[in-house]
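First listed ligand is number 1; within each ligand, the first listed atom is number 1. In what follows, residues are counted from 1 in the order of the sequence shown. Since this is a predicted model, take the numbers as computed values, not measurements. Hydrogens, waters and symmetry mates play no part in the numbers below; they use all other heavy atoms, side chains included.
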Amino acid sequence: MTDATSRRVREIGESPTLAISAEAKRLRAAGVDVISFGAGEPDFATAEHIVEAARAACTQPAMHRYSPTGGLPALREAIATKTARDSGLQVSPQQVIVSNGGKHALSNVFQALVEPGDEVIVPAPYWVSYPEQVTLAGGAMVTVSTTAADGYRVTPEQLEQARTPATKALVFVSPSNPTGAVYTPDQVRAIGRWAADTGIWVICDEIYEHLVYDGATFTSIPAVVEDLLPRSVVVNGVAKTFAMTGWRVGWSISPAPVAAAINRLQSHTTSHVCNIAQQAALTAIEGPMDQVERMRRTYDRRRRRVHEVLADIDDVACPLPEGAFYVFPDVRQRLRRPVGGTTVTTSVELCTLLLDEAQVALVPGEGFGAPGHVRLSYALSDDDLEKGLTRIAEVLQ
Ligand code: GLU
C-alpha cells in the first residue's frame, strides 16, 4: 500500500526521549522493574499549593470557557514580571504567548520566523526536537560541534564559520540539554555580541534557568547584549523548575510583531492552553521558590553521585555538568570491547542492551547529534538512582 502521509511528516522521526520514557513506563506497568534515566522529568510531585490552585480553578465557570489565545492576562503579566526578576529582561505581557509546554512554544517560534531555505544554527549536542521542528518549518539546521574538551560550549569564532547569507537564527541553550553545560556570563556576552553584530536572531531556550550548580550562573543573552532585544526570542516554561511536566505550560517572549504572528498561528491550531493548567502555572510563578531550591539541592546531590559512579567505569568519560539534570558520558572507548559478552558498536545498541539485560533506560546520543554518547537524567528517586547505577556499573565494568 502506498504511504498516504505527507512527506514533511514522513521525514521526521518520533521523539526518542519521549519514546524511551513511554517504553520504560509500559514495561513498568507490565511488572518489569525498569529504572528510567530516560526523559528529563522531575520525580517530585507538583507542590500542593499549585495543585490546590488548579482544584479551585476547576470550580470557576469562567475557567470552563474559552480564554484568550495567548494566555490568561494574569499569567502573561506574571510571566513578564518573572522574566524581569530571573532573566533581567523588561518585557510587556503582550510579548508573551503561552503555549502547550516549552516544546510547543519553540515549534511556534520556528514556524513564525523561519522561511523555506533559511538556516538555523544549532550547537551540537542538541535537544532532540530542534532538528525536527526546524525541518517542519522548512528550514535547514546547521550544526556546530562542541566536545567535552571545550566544555560543550560553542565560541563566536565557530559560529562565524557556520554563518552564511541564509542564516536566520541561532538556537542558544544554557544550561544545556543534553550536556548540562552552562556558559559563563562573558561567554554569553561574546556570543550575544556576535549575534547582534551579524544581524541574526537568537532563540534562547531558558527552561533550565534555575538548575545550576557549583556556583555556575544562568545568564540570559538579551539581558547582557541589549541591542539584541529586537531580534531575540526567549522560551521558557514551568515544567522543569516546578516539577510540572504533565501540566503543559510553556511560553515564548518575542518582539511584538512576532508575538502577534505566533498568536495568529496558535489561534488556528491549538487555541489557548487549558485554563486549569494556566492557573496552576500562575500560582507556581507567583509563589515562593523554597521548594524549587530544595529540588535543586537534591538534583545537585544526585548529580555528584551519578558522576562519581560513571566516572569510575573504565573507558567511560563522564564530565561533571554544571546545570540541568543530565549527564552525557562518552562511551566510544567502551564500545571497543564486548559489553556483558555481547559486541555492541553504537550507543543505540548499547542502550538497547542495557534495557534488555539490566532493565535500565538511557537515551542514546544519536538523537542529540552525538553518537557514541548516552544521556542519563538524574531526576529520579534516590533509591532508583542507586539501583540503576549499580546495574549500569555491573554491565559496563
Ligand atoms: N525535554 C525533556 C527531555 O529532553 C522531556 C522530553 C522531551 O520533550 O524531549 O528529556
Side-chain angles (χ1 to χ4, degrees), residues 12-26 34-44 46 99-110 122-136 141 152 171-182 203-211 234-252 270 273 277 295 299 302-303 306 321 323-329 347-348 351 354-355 360-370 373-381 384-385 388:
I12 60 167
E14 185 183 1
S15 161
T17 46
L18 291 189
I20 281 153
S21 152
E23 176 63 1
K25 286 179 184 174
R26 189 190 66 77
V34 171
I35 309 284
S36 180
F37 293 89
E41 171 159 62
D43 57 305
F44 301 101
T46 303
S99 297
N100 193 54
K103 188 182 293 189
H104 181 215
L106 277 162
S107 169
N108 281 345
V109 171
F110 290 124
V122 182
Y126 46 73
W127 176 52
V128 295
S129 291
Y130 298 134
E132 313 303 56
Q133 293 194 349
V134 171
T135 303
L136 282 171
M141 188 172 90
Y152 290 119
V171 175
F172 184 74
V173 195
S174 171
S176 146
N177 173 7
T179 64
V182 182
I203 299 164
C204 321
D205 186 340
E206 302 192 346
I207 196 88
Y208 296 100
E209 62 180 337
H210 290 291
L211 299 179
V234 169
V235 173
N236 207 331
V238 291
K240 315 292 183 183
T241 302
F242 298 101
M244 293 179 69
T245 47
W247 297 78
R248 309 310 301 139
V249 183
W251 55 84
S252 58
T270 58
V273 172
M295 290 190 279
Y299 297 138
R302 294 173 183 167
R303 171 184 73 108
V306 74
F325 38 50
Y326 307 107
V327 285
F328 198 62
S347 34
V348 166
C351 290
L354 281 166
L355 187 57
V360 282
L362 277 58
V363 191
E366 279 80 350
F368 303 101
H373 296 68
V374 291
R375 192 193 76 174
L376 292 85
S377 159
Y378 50 84
L380 73 175
S381 76
D384 279 358
L385 185 84

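Contact between Glu41 and ligand 1 is absent, with no heavy atom of the residue lying under 4.0 Å from the ligand.
Thr46 contributes a side-chain N or O that, together with a main-chain N or O of Ala243, makes up a donor-acceptor pair within less than 3.5 Å. Under the 3.5 Å distance criterion, the side-chain polar atoms of Arg375 are left unmatched by any main-chain donor or acceptor of Pro364.
Residue contacts with ligand 1: Gly40 is placed with a nitrogen or oxygen under 3.5 Å of a nitrogen or oxygen of the ligand (distance criterion only). Considering both main-chain and side-chain atoms, Trp127 comes within under 3.5 Å of ligand 1 through a nitrogen or oxygen pair.
Contact annotation for Val363 and ligand 1: no heavy atom of the residue comes within less than 4.0 Å of the ligand.
Atom numbering of ligand 1 starts at 1 in the shown order; those under 4.0 Å from a heavy atom of Tyr326 are 2 (C), 3 (C), 4 (O), 10 (O). Remark: ligand 1 atoms within the under-4.0 Å shell around heavy atoms of Asn177 are 1 (N), 3 (C), 4 (O).
Contact of the Tyr126 side chain with the Asp205 side chain is not registered, since no non-hydrogen atoms from C-beta on lie closer than 4.5 Å. Here the side chains of Phe325 and Lys240 are in contact, with some heavy-atom distance below 4.5 Å.
The one candidate from Trp127, Tyr208, Tyr378 that meets the ring-ring contact (aromatic ring centres under 6.0 Å, His included) condition with Tyr326 is Tyr208.
Looking only at heavy atoms of the protein, atom 5 (C) of ligand 1 is closest to Lys240 NZ, 3.6 Å.
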